[in-house]
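What follows is a single structure, written as structure tokens, with notes after it.
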Amino acid sequence: MTVTRFAPSPTGYLHIGGLRTALFSWLTAQHDKGKFLLRIEDTDMARNSEEAKDAILKAFEWVGMSHDGEVVYQSKRFDLYKKYIDQLLKEGKAYKCYMSKEELAALREEQMAKKERTRYDGRYRDFTGTPPEGVDPVIRIKAPQEGMISFKDGVKGEMNIAATEVDDFVIARADGAPTYNFVVAIDDALMGLTDVIRGDDHLYNTPKQIVVYNALGFKIPNFYHVAMINNEQGKKLSKRDGATDVMDYKTMGYLPEALLNFLVRLGWSHGDQEIFSIEEMIVLFDPKNINKSSSNYNLDKLLWLNAHYIKNKPNAELAELLKPFGVDIAEHDKLEMLLDATKERGKTLVELAEQINLILRAPESYDEKAAKKAFKGEAKEILRDFASMLQNWDKPLHLPVDYHAVMEKIVADKEIGFGKIGMPLRVSLMGAMTGSGMDEIMAILGADETVSRIEKAIKKIA
RNA sequence: GGCCCCUUCGUCUAGCGGUUAGGAUCCAUGGUUUUCAUCCAUGUUACAGGAGUUCGAGUCUCCUAGGGGUCACCA
């Protein structure tokens, strides 16, 4: 069975790039009807925070990516790691290193001066003498000293790293706490991971982890290293480039399905298809199709996708989603009409909320340019007659077509073009020259409110 | 600096030795709409550069350039 995972360290919010690798992992598991596990990498007690962990979990909840089983916390598994450290020590596959931090720094400086690769020189690898006083040793693992460490990466292809590139790295600190590459390999193996999908900044950790897998006799999973997401300029994505926190997209009025659709197309594709429902992604996703090259983050496409998903969302659901944006129309009797008239005009929920408020709230002022153009000539008279027609109309006024009939009547009676009534009417009702169709707006407002706004505008003209 | 990875329209990408190099987004123009938006149509723009291999190269090989990653008792 396919088992994938996402393993963030709780040092901050969930990053947009992290969400993409999580999505790839999640899709791979869903596709194979396998399991997607969540593990919190909190071995560095100094940098962890409970808030960060909660923020990450919350982000997952928002996008609707659920994990299987309990969340695994590495901080609760130290006994387990300790067991494996002792085992390796006993088997002679790991050893105590008494080199002080100062000595290590000196060695590194020396190597840098010689323009060599900085690496631990293995001086305690076969040490049998008396250890120096006053130094708490670290534990280092014996990495192969010659040959190649090879693995097949599902994205990058065949990888061959010279053993000389991997030194005897530390698996337990002086205080006994295990280190990242050690615990990741153990947990991935013990949790039964079959496919490890992660950012390619981890590419160089892989040979190290393979050393651990081999030392402990664990089965090596498939690796997929996904290239980074850069900003529009092709540089590393940073906070300066706008939203990098997944939850920022919620507050900016993006739909999770739009964000996921956007992310799945960054580094992955299925022919010419652009729109993928979650179900389609699950059916079609294959990590083998992940691109080798890095991709640039581009807001245009996300905006386009978001507009698409808003347009196609049922009105009742939209009404619920709009609540956090200060628009509560769930109980509005013209809900359907209101959203049908506005949802094609908002690329985000924020914009959609603005569009709705533009209709629901009587204009406090009139756009200067629009008013100048619309409220001229006989506009005042036309508006007055139109209001009067609305008040004396002998048929019911409910639907847009009912109001359209009134407009047709005034146009016919006065032998004027639609613009003559349309423009002043629009500015009277909305305060501006843009927006939804007049028939729809009037039907939403009702005759009384329409007349009231017209009268207010007439006063303004005078 | 060592090692490793990457390079098709501005951006996301299709392409897996033979295509007028396709789609999407953006932008522009036109149509629809009493306005705006939507929608529809049309258009501009790309194989980083150079050598090879081959009848034929975006596709294979090498070199160069550019970009990125990584070199912790962080994860």
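Every chain is numbered from 1, with letters handed out A, B, ... down the list of sequences.
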Quick one: label [X] by what it contacts on the DNA or RNA (base, sugar-phosphate, nothing), any heavy atom closer than 4.0 Å.
X: A/T434; answer: base
X: A/M430; answer: nothing
X: A/T43; answer: sugar-phosphate
X: A/K235; answer: sugar-phosphate
X: A/N205; answer: base

Any salt bridge (Lys or Arg N to Asp or Glu O under 4.0 Å) pairs touching residues 300-310 of chain A, not counting sequence neighbours?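 The answer is A/E274-A/K301.
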When you list every nucleotide of RNA chain B with an atom under 4.0 Å from a heavy atom of chain A, which one comes first 5' to 3', and which comes last?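 Using the under 4.0 Å cut-off, the span is B/G1 to B/A75.
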Not counting sequence neighbours, which residues clear side-chain hydrogen bond (donor to acceptor under 3.5 Å, both in side chains) with A/H202? List them please.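 Applying side-chain hydrogen bond (donor to acceptor under 3.5 Å, both in side chains) to A/H202 gives A/Y180, A/N205.
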Can you list, by residue number, the residues of [range] that have a non-hydrogen atom closer than 4.0 angstrom to RNA chain B?
range: residues 134-146 of chain A; result: A/V138, A/R140
range: residues 154-177 of chain A; result: A/K156, A/M159, A/E165, A/V170, A/R173, A/A174
range: residues 294-308 of chain A; result: A/S295, A/N296, A/N298, A/D300, A/K301, A/W304

5'-most contact on RNA chain B: A/R265 or A/K311, nearest heavy atom basis?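 Here A/R265 is the residue nearer the 5' end.
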Would you check if the distance from the ring center of A/Y224 to the ring center of A/F24 is below 6.0 Å?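 No, they do not, as the ring centres are separated by 6.0 Å or more.
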